[in-house]
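First the structure, in the form of structure tokens, and then the observations on it.
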Amino acid sequence: MELSSLDKAELHVHLEGSVTPETLQEIEPKLSLEEIRSHYRYENFLGFLQSYKWVNLHLKAPEHFGLITRRLLEDLARQGVRYAEVNVSAGVVLWRGMELGPVFDAIALAAQEGPIPVRFIFDAVRQFGLEHVWSVARAAVGLKDRGVVGFGVGGDEAGGPVEQFREVFDYARANGLRLAPHAGETVGPASVWAALECGAERIGHGIRSIEDPVLVAHLRDRNIPLEVSISSNVCTGAVGSLKEHPVRRLYDAGVPIILNTDDPPMFHTTLIKEYEIARDEFGFGEADLRTVAENGFRFAFGPVPGFPFNS
Ligand SMILES: [Zn+2]
């Protein structure tokens, strides 16, 4: 089976983490490719967050966001992606004091003109605190008629336990948004349980769920998918090595798995490469890969044309 011709969905990719070194140099010509590439390597998760912030700080104008949206969607379409939900670090935009309106206008216009249907998930930075998380949720609700379908929190999991944002999640859900926080990436099962108690419908990463058999059974029985990004977890040190990654054990335990890239050039990967890793390193056969690909449509928050079981 050609993985490029397998219909796939990408449900966990960060717009600002999808900027290739070449595109960043186009935006900021005084940076050399070597310098940019040196920022695309990390010792640990906090090192990655520093680099992610560094890339963000070079996106200075709405047209930069438009450009990176176009490039991302073109790249996904080339890989056989038929539908995408793109995480936008709206929290970082607000934190930088930029106006979110023009930035989102540029993103939405690029999406409208792009080759595949796309919806957006707004991410807040959990360690920036409650008021910040509220501001992102309000912004997401305000833009829900323009393609924002979900709300989540990312950043330093240890520095921002999700339970403190419970009311924000309640507000987002009551206003029609779906919930997909990051959890169980660098912190253990308690973080995933807390996300579920806050109403999470999909879990960003969630790989450390494997440490709690009761949680694994819960995810399976409630049909709650994990957005798994294998290369991301290896690059940030969330897992000690590729071999230790629990994707196969979670899949075999019946937990719905979706494969994603998270921040593809920053983790030196593509969606096709993530499927190849599942196949070559974890023994996912053709039927398994089809199941995983179908999960990307089944668990999408937005309506996916041609996939009736989702809408
Ligand atoms: Zn992520």
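Counting from 1, the numbers follow the sequence of the chain as shown. Because the structure is a prediction, the values reported are computed rather than measured. Both ligands and their constituent atoms are indexed starting at 1 by order of listing.
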ask   = Can you check salt bridge (Lys or Arg N to Asp or Glu O under 4.0 Å) on E294 and R290, steps first, answer last?
value = CA-CA 6 Å; E294 196 173 286; R290 285 188 195 284; over 6 Å; no

inquiry  = Students often mix this up, so state it plainly: with edges at 30° and 60°, are the rings of F45 and F48 parallel, tilted or perpendicular?
reply    = tilted

inquiry  = At a cut-off of 2.8 Å, what protein N/O/S atoms sit near the Zn ion (ligand 1)?
reply    = H12 NE2, H14 NE2, H182 NE2, D262 OD1

message = Quick check on ring-ring contact (aromatic ring centres under 6.0 Å, His included): which of F104, F301, F151 does F120 satisfy it with?
response = F104

query = Does any non-hydrogen side-chain atom of F122 lie less than 4.5 Å from one of L143?
reply = yes

request  = State which residue, out of D262, N260, D263, D123, fulfils the side chain to side chain donor-acceptor pair (under 3.5 Å) condition with N87.
outcome  = D123

task = Classify the angle between the aromatic ring planes of W95 and F128 as parallel (below 30°), tilted (30 to 60°) or perpendicular (above 60°).
result = tilted

